[in-house]
Amino acid sequence: MRMFQLCVCGGPLQAKEQPTPKPTGSEVLLKTLAAGVCHSDLHLADGWFDLGGGKRLSLADRGMKLPVTLGHENVGEVVAVGPDAKGVRIGARMLADPWIGCGACGPCRRGEENLCRAMKSLGVFSNGGYADYIMVPHPRYLFEIGDLPPERVAPLACSGVTTFGALKKVPTLKAEPTVIIGGLGLMCLALHQKMGGHSAIVVDIDPAKRKAAKAAGAAHVIDGGAADAAQQIIDLTQGGAWAVIDLVGSSQSARVGYDSLIKGGKYVIVGLFGGDITVSLPPIPMRALTIQGSYVGSVPEMTELMELIRRTGPPEVPVATKQLDDVNAVMADLRAGKIIGRVVLTP
Ligand SMILES: [Zn+2]
Ligand SMILES: [Zn+2]
């Protein structure tokens, strides 16, 4: 089988050939049909996150071992199953939930594998879908997609469940406008609508992305680079936002998001762009503010998301398909901010 692996942080992915593995135990082997390219692949390829103030978080310190095949948004067809893999049939087309935990720690036993302390995520800590085949350790991470187009479903594995998990943390979703800052904005906007959200205010520094958000149904769009961006949100919401979902997570976006909150408001940070902000402490209790992080999604959240998608169809997010061989060029375009919506690779 062919695979594209990260061998050296900072370098391009390298094409490799290896024997196709055979599933053992509860493993399921998928033939890759679609593999989404995600912004976090850029961080993985770099090997670090910017913590602000000149500090870095190294992925090697977090357990990433090279070489590893990237690709964590995968749909494939079941081609072989281990003797203990029950309930999957050969030929079924499945979305693979990549957020796989150890199965033994507290969060894993509570169903929050996305908070596991020893994650084995596909395409991060174990081989992912930039390859002809992908091995999934257990059928419980597989979700049948039926006749839905693989390239429309693949982005749900990260972009979809990540924004779904963040939207689930907004108690005022149906009652008040939700502010969505950048990044996965179109996916978040589409799921916000499917979940019955009141209205969305989308903030982005890129005019093309603001235009796309407006066309996709955002009630208002705001230039995140404007000096008065937070004030514009406060004006539009008559006093401040009840909920901000920050899909960028930069010093600039955090400043805008946090500063636009109303009393009792919640700032949910999802994006991993990097940086830092300084926050005065007394207003947090006095204004009863919540700052909450949200990291990908749990298996129960993926299950709930897939039920929503089977009922209502895949999110209306622009998806471009490219050949797997073009993976390095696609990642360069993503880094340059040239991509609106998602790109999905097909082998
Ligand atoms: Zn991702
Ligand atoms: Zn665990």
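Quick caveat, the model's predicted, so the values are computed rather than measured. All ligand and atom numbering here is 1-based and tracks the order in the structure.
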Closer than 2.8 Å to the Zn ion (ligand 1): does that hold for any N, O or S atom in His72? yes

Sub-2.8 Å protein N, O or S atoms surrounding the Zn ion (ligand 2): Cys102 SG, Cys105 SG, Cys108 SG, Cys116 SG

Does any donor atom in the side chain of Tyr130 or Asp41 lie under 3.5 Å from an acceptor atom in the other side chain? yes

Taking side chain as C-beta onward, heavy atoms only, is Phe143 less than 4.5 Å from Arg310? yes

Asp259 and Arg255 ion-paired at < 4.0 Å: yes

Between Glu73 and Arg342, is there a side-chain N and carboxylate O pair less than 4.0 Å apart? yes

Check ion pair Arg89-Glu144 (N to O, under 4.0 angstrom): yes

Quick test of your reading of the model: are Lys55 and Asp276 salt-bridged, counting only N-O distances below 4.0 Å? no

What angle, in degrees and rounded to 10°, do you get at the Zn ion (ligand 1) when you join it to SG of Cys158 and to SG of Cys38? 120°

Any ion pair linking Asp50 and Arg56 (charged N to carboxylate O, less than 4.0 Å)? no

